[in-house]
Amino acid sequence: QVQLVESGGGLVQPGGSLRLSCAASGIIFSIYNMGWYRQAPGKSRELVATVTSGGSTNYEDSVKGRFTISRDNTKNTVYLQMNNLKPEDTAVYSCNARLRTYNVWGQGTQVTVSS
């Protein structure tokens, strides 16, 4: 069975940090492009960051310089290090694995940035 399981979400104050993890199983992880998406209440899902199978990264403009996506192929895990968090970062963060047109999604983890 193919499965992505996110962890690491929670409540954090503005300016704080969180590290999200996404553990994959049932796929040849190293050949998949991985991404983090987020969806805030009442808004559509948006791309946050991606890392390709070759290691290239891309970030949504609002998180550049604050978030870092990385992957550890030995652990079948992709991470999202989030620093200097802002209230507008509040959303459900979901992990995605893609190979050509084949997509797999995790269940999501809640990140809340609030005083």
Side-chain angles (χ1 to χ4, degrees):
Q1 290 182 329
V2 178
Q3 190 173 31
L4 304 179
V5 180
E6 300 99 334
S7 61
L11 175 64
V12 65
Q13 295 186 138
S17 298
L18 285 173
R19 188 196 192 201
L20 305 183
S21 298
C22 172
S25 60
I27 62 171
I28 306 174
F29 180 80
S30 62
I31 69 173
Y32 276 73
N33 299 316
M34 303 299 298
W36 286 97
Y37 292 73
R38 66 187 181 188
Q39 186 169 22
K43 300 183 67 176
S44 59
R45 185 172 60 194
E46 68 173 355
L47 179 68
V48 177
T50 59
V51 56
T52 69
S53 60
S56 298
T57 59
N58 187 55
Y59 298 91
E60 196 274 326
D61 285 344
S62 69
V63 309
K64 287 181 179 177
R66 300 188 298 122
F67 291 11
T68 302
I69 188 171
S70 62
R71 65 192 298 161
D72 186 344
N73 289 342
T74 69
K75 297 181 178 179
N76 284 6
T77 301
V78 63
Y79 305 95
L80 186 68
Q81 178 67 47
M82 305 185 294
N83 298 326
N84 191 24
L85 283 160
K86 303 176 180 181
E88 51 263 44
D89 295 319
T90 296
V92 174
Y93 284 71
S94 299
C95 178
N96 170 259
R98 180 177 64 82
L99 182 62
R100 297 178 183 176
T101 61
Y102 180 73
N103 280 268
V104 182
W105 292 89
Q107 82 290 341
T109 185
Q110 177 70 48
V111 172
T112 302
V113 185
S114 176
S115 299

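In this chain, numbering begins with 1 at the start of the sequence shown. Computed from a prediction, not measured in an experiment: that's the story for all the values here.
- By the rule that hydrophobic residues join a cluster once side-chain heavy atoms approach within less than 4.5 Å of another member, L18 and Y59 end up as members of one cluster.
- Remark: R98 pairs with no residue by the side-chain hydrogen bond (donor to acceptor under 3.5 Å, both in side chains) rule, at least two apart or across chains.
- Nearest heavy-atom pair across V113 and T90 is N-OG1, 2.9 Å.
- Rounding to the nearest 0.5 Å places CG of N58 at 4.5 Å from OG1 of T50.
- Contact check for W36 versus M82: no side-chain heavy atoms found under the 4.5 Å cut-off.
- Between S94 atom OG and L20 atom CG the span is 10.0 Å, to the nearest 0.5 Å.
- Note that CG of N76 and CD1 of I27 are 7.0 Å apart. Values are rounded to the nearest 0.5 Å.
- Closest approach of A49 to L80, counting heavy atoms only: CB-CD1, 4.2 Å.
- Y32 and Y102 have perpendicular rings, their planes meeting at more than 60° on a 0 to 90° scale where under 30° would count as parallel.
- Under the 4.5 Å side-chain heavy-atom criterion for ILVMFWY residues, a single connected hydrophobic cluster contains both W105 and L47.
- To the nearest 0.5 Å, the span separating CD on E6 from CG on N96 amounts to 10.0 Å.
- Residues I31 and V104 fall within the same hydrophobic cluster, defined by Ile, Leu, Val, Met, Phe, Trp and Tyr side chains chained together at heavy-atom separations under 4.5 Å.
- A cation-pi geometry, defined here as NZ or CZ lying under 6.0 Å from the six-membered ring centre and within 45° of its normal, holds between R71 and F29.
- Across every non-hydrogen atom of S53 and S30, the tightest pair is CB-O, 3.4 Å.
- Closest heavy-atom contact between S70 and V78: O-CG2, 3.1 Å.
- No single ILVMFWY cluster, assembled from side-chain heavy atoms under 4.5 Å apart, contains both Y79 and I69.
- Remark: R38 engages E46, D89 in a salt bridge (Lys or Arg N to Asp or Glu O under 4.0 Å) (not counting sequence neighbours).
- Within a 6.0 Å sphere centred on CD1 of I28, heavy atoms belonging to other residues, nucleotides or ligands number 12 at most.
- When all heavy atoms of S17 and N84 are compared, the closest pair comes out as OG-N, 4.2 Å.
- Between the CE atom in M34 and the SG atom in C95 there is a gap of 3.5 Å [rounded to 0.5 Å].
- Criterion: ILVMFWY side-chain heavy atoms under 4.5 Å apart, direct or through other members. Under it, F67 and V51 are part of a common hydrophobic cluster.
- Interatomic distance, OG of S21 versus CG of L4, reported as 12.5 Å (0.5 Å rounding).
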